[in-house]
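One-based numbering along the sequence shown.
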Amino acid sequence: MKKTIMCEFFKKRLKKQKCQQYPGKIGKKIYEKISEKAWKLWTKKQTKIINEYRLNMTCKNDIRKIEKHMIKFLFKKN
């Protein structure tokens, strides 16, 4: 049986991610509360944001910007 979680993004039970995709406390929260399907949507959105704002993922300021977008996208959806 596949493991499922109550996904905060979709507000329903969906397949859990196979492993923690993001480090730290926020990564743990994402792993425990965000489904595989929602995470895949985020990775597509993330690519668009990086390209649109021309973010450099080796720059700490840009990493913080994308993290803020990620938190807003995954947890503050109406």
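To the nearest 0.5 Å, the span separating CG on N56 from CD1 on I50 amounts to 10.0 Å. Interatomic distance, CD1 of I26 versus CD1 of I71, reported as 4.0 Å (0.5 Å rounding). Atoms CD and CG, from E8 and L74 in turn, are 9.5 Å apart once rounded to the nearest 0.5 Å. From Q17, atom CD reaches atom SG of C7 across 9.0 Å, with rounding to the nearest 0.5 Å. Y53 contributes atom OH, which lies 13.0 Å from atom NZ of K48 (distance to the nearest 0.5 angstrom).
Taking the ring centroids of F73 and F9, they lie under the 6.0 Å cut-off.
No continuous path of ILVMFWY side-chain contacts below 4.5 Å connects I66 to Y31, so the two sit in separate hydrophobic clusters. No single ILVMFWY cluster, assembled from side-chain heavy atoms under 4.5 Å apart, contains both M6 and W42.
Between E36 and K16 there is no salt bridge, since no side-chain nitrogen of the basic residue lies less than 4.0 Å from a carboxylate oxygen of the acidic one.
Counting only heavy atoms from C-beta outward, the side chains of K15 and K3 never approach each other to under 4.5 Å. Two residues are said to be in side-chain contact when any heavy atoms from C-beta on lie closer than 4.5 Å; F10 and K37 meet this criterion. A 4.5 Å side-chain heavy-atom check between I30 and M70 finds at least one atom pair inside the cut-off.
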For L14 and I5: C-alpha separation, side-chain torsions, deciding distance, then whether side chain to side chain contact (heavy atoms under 4.5 Å, CB included) applies.
CA-CA 6 Å; L14 291 167; I5 58 164; 5.7 Å; no

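For the side chain to side chain contact (heavy atoms under 4.5 Å, CB included) criterion with L55, the lone passing option out of H69, Q46, K65 is K65.
Taking the ring axis of F75 as reference, the NZ or CZ atom of K33 does not stay both within 45° of it and closer than 6.0 Å to the ring centre.
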